[in-house]
Amino acid sequence: SRFRAALPRGAHHRYRTWRVTRDRIRTPSIHRAPARPSCRSNESSMSSVMRYLEKAMLSDLPLRRRLSYLSFAGALLAALGSQQFVAPVKVAIFMDVVGPDMEPVAKSLLLVVMVPILIAYNIVVSLLKNPTRIMFAACGFYGAIYFLVTGVVLQSAGHPPAWVAWLLYYATDTKSVIFMPAIWSVLADVSTSDVSKKIFPLMFVVTQVGGVAGSLVAVKVGSLGGEVGLLLMQSFACLAIAFFVRLGCTLLEGAPPAAQQQLENSYGAIEAPRPPDAIAEAKAPEVEKSAAPGGVLGLIREQLYSGIEGVWLLCSRPYVFGAFWVSYASLMPRTMLDYQNSVAGTTAFSARDDQIAYFGQVNLMINIGTGLLALFGNPIVEFFGVGTCLLFLPVGMFVCMAALCLFYSLSMSTISLVAVCTLAYGLNSPCKEMLYVRTSKDIKYKAKSWSEMYGNQIMKVFGAQMNMWVNLETDFCQPHCFHAQATLAITGVWVALWLAIAYRVGSEHRALEAADGVVS
């Protein structure tokens, strides 16, 4: 105090400031200014990023193994990308040549066409056994069909006969059921369980990139030779898929023993394990590699018996039937949305190239929306739970269908279709896979395979019947044949049943999780 009294006037404030600063320096306080990040923390962040990049690029795998998976990724990219740009061509040509009134009939007959094709495919798998030969046979078959369609469309100056439109319709829809499951089956056969957990997420990302790229190709149809150019690209894409699969298998077969030993030390013995649950959706139903008694007839009987066994497992277990229903119930009303969007799109755009570009834009929005939702899908499921997330899609479906019924237009049909597909692919599909985790192997590989190959087509047939008997587009009703009240009533009843089943299967899943149980 004497020292402060001896200070000149005006220095008291500076002295008090100095005391406060000195006390803050001597005593740690929460008011101390945060320290600048050190170089060591920056280095740790960079090392974390580098470790993530090395993991994503599979740097711990042998070089031939990495190149092999890169080849399989190219096959997946070509398969989904080509499907994304040839599907709009199919819709545009069929609607123009055959007519929108026959599209529900074609959709209804798709199951009839698909059953013998899938049986023939499984017979080819049993006879050829080698994955390279199987892919060359499938890709050669569909490549020849697309070369034929391309030649006829080119020769007819854009006005092909009706049989070409029907052939293109069924070739495009059945190809999507054959190619992707076949490639995933090869991947499952050459990957151990530990390797698959590391590889398959990256494969899914690459596949999604292929879908976006294929949609962009459809949007740029005018600068790529029109519909003939896209059909020709699809023909060569079939050959590219077979080439990539062949290259991937060759790289695996020619791997040196040292690389094989390195892989065994890192991930375990290299063998042909059962495919993990993450890719069971994409795996086609398989037959035994050995020839069944009775030759081809024996194989056909075996396939029919396998299908009947899958139906029995599906119908005799309420939990399994509920999982099937919540997985594919959206396909019935979505088929109605698809049809209305196709009718509105072909009506709004007279030129087929413009129609293809429009459908490509719709697919592009769906792929982008699915990718974005997939990024946040796991946090959403962890926060709300599987049972609650299963309720999002039926509620969203009813809202989108109600919006279309109230405000029928091309824009509303596009918004509704994109929103529904984004929810189905980005959120409902992962929840569906989580339901099957609590089931036995027989259910996973028999009932689930039947659901994916045939059950989903049955749901589409139901939707096609609604289009045929309620909203069939003809020349007698103008400006459109969409019956809003009947459509909304049918959708309401369907969604109410869907919600009840989803709530029940969600409750059963929570009980199985709590008890660590399995449905067998």
> Excluding sequence neighbours, so at least two apart, what forms side chain to side chain contact (heavy atoms under 4.5 Å, CB included) with Val219?
Replying inline: Gln361

>> Suppose the criterion is salt bridge (charged side-chain N to carboxylate O under 4.0 Å, His left out): which pairs have a residue in residues 169-179, not counting sequence neighbours?
In response: Lys90-Asp173

>> Return the CD1 to CG distance between Ile145 and Leu168, rounded to the nearest 0.5 Å.
In response: 10.0 Å

>> For a 4.5 angstrom cut-off between non-hydrogen side-chain atoms, does Val217 reach Leu224?
In response: yes

>> For Asp353, give me all partners under salt bridge (Lys or Arg N to Asp or Glu O under 4.0 Å), at least two apart in sequence or on another chain.
In response: none

> Looking at Pro88 and Gly360, what are the two nearest heavy atoms and their distance?
Replying inline: CG-N, 4.1 Å

>> Check this for me, if you would: do Asp516 and Arg438 make a salt bridge, where the nitrogen-to-carboxylate-oxygen distance has to be below 4.0 angstrom?
In response: yes

>> Which heavy atom of Met180 sits nearest to which heavy atom of Ala79, and what is that distance?
In response: SD-CB, 3.6 Å

> Considering only heavy atoms from C-beta outward, does the side chain of Leu331 approach that of Ile458 to under 4.5 Å?
Replying inline: no

>> side chain to side chain contact (heavy atoms under 4.5 Å, CB included), that's the test. Do Met95 and Ser342 meet it? Break it down for me.
In response: CA-CA 8 Å; Met95 290 289 192; Ser342 300; 3.4 Å; yes

>> Taking side chain to side chain donor-acceptor pair (under 3.5 Å) as the definition, give me every residue that meets it alongside Tyr146, ordered by chain and number, with sequence neighbours left out.
In response: Thr172

> Stepwise, does the side chain to side chain contact (heavy atoms under 4.5 Å, CB included) test hold for Tyr425 with Leu373?
Replying inline: CA-CA 9 Å; Tyr425 297 145; Leu373 184 58; over 6 Å; no

> Should Thr132 and Phe136 count as side-chain neighbours, where that means a heavy-atom distance under 4.5 Å?
Replying inline: yes

> Looking at CD1 of Ile366 and CD of Gln84, how far apart are the two atoms once the value is rounded to the nearest 0.5 Å?
Replying inline: 8.0 Å

> Which atom names give the shortest non-hydrogen contact between Val98 and Ala165, and what distance separates them?
Replying inline: CG2-CB, 3.7 Å

> Do any N or O atoms from the side chain of Ser429 and from the backbone of Gly426 form a donor-acceptor pair under 3.5 angstrom?
Replying inline: no

> Rounded to the nearest 0.5 Å, how far apart are CD1 of Ile117 and CG of Leu110?
Replying inline: 8.5 Å

> Taking Phe94 as the fixed residue, which of Tyr339, Trp166, Trp163 is the one that meets the ring-ring contact (aromatic ring centres under 6.0 Å, His included) rule?
Replying inline: Trp166

> Between Ser235 and Thr150, which heavy-atom pair has the shortest distance, and what is it?
Replying inline: OG-OG1, 3.9 Å

Which atom pairs, donor and acceptor, lie under 3.5 Å between side-chain atoms of residues 237-248 and protein residues at least two apart or in another chain?
none

> Rounded to the nearest 0.5 Å, how far apart are CZ of Phe384 and SG of Cys431?
Replying inline: 11.5 Å

> Would you call Ser520 and Ile443 a side-chain contact if the rule is heavy atoms closer than 4.5 Å?
Replying inline: no

> Between Gly158 and Arg352, which heavy-atom pair has the shortest distance, and what is it?
Replying inline: O-NH2, 2.5 Å

>> Do Ser327 and Tyr436 pair up side chain to side chain, a donor and an acceptor below 3.5 Å, judged on atom types alone?
In response: no

>> Return the CG to CZ distance between Leu390 and Phe392, rounded to the nearest 0.5 Å.
In response: 9.5 Å

> Considering all heavy atoms of both residues, which atom of Ser68 and which atom of Leu251 are nearest to each other, and what is their separation?
Replying inline: N-CD1, 3.5 Å

>> Working note: Leu231 + Val153, criterion side chain to side chain contact (heavy atoms under 4.5 Å, CB included); need CA distance, chi angles, decisive distance, verdict.
In response: CA-CA 9 Å; Leu231 288 172; Val153 172; 4.2 Å; yes

>> Taking atom CZ as the centre, does Arg317 end up with more than 12 heavy-atom neighbours from other residues, nucleotides or ligands that are less than 6.0 angstrom away?
In response: yes

>> Measuring only between side-chain heavy atoms, which start at C-beta, is Leu148 closer than 4.5 Å to Leu167?
In response: yes

> Residues two or more places apart in sequence or in another chain: which of them pass side chain to side chain donor-acceptor pair (under 3.5 Å) with Asn428?
Replying inline: none

> Taking the inter-plane angle between the rings of Tyr142 and Phe179 on a 0 to 90° scale, is it parallel (under 30°), tilted (30 to 60°) or perpendicular (over 60°)?
Replying inline: perpendicular

> How long is the span from the CG atom in Leu216 to the CG atom in Asn363, to the nearest 0.5 Å?
Replying inline: 11.0 Å

>> I'd like to know whether Arg334 forms a side chain to side chain contact (heavy atoms under 4.5 Å, CB included) with Cys421, so could you lay out the CA-CA distance, the side-chain angles of the two residues, the decisive distance to 0.1 Å, and finally the verdict.
In response: CA-CA 8 Å; Arg334 204 194 82 186; Cys421 291; 3.7 Å; yes

>> Does any part of the side chain of Met459, heavy atoms only, come nearer than 4.5 Å to the side chain of Trp325, both counted from C-beta?
In response: yes

> Side chains of Tyr319 and Thr439: does their closest heavy-atom pair fall under 4.5 Å?
Replying inline: yes

>> Do Leu109 and Tyr170 make a side-chain contact, defined as non-hydrogen atoms from C-beta onward lying under 4.5 Å apart?
In response: yes

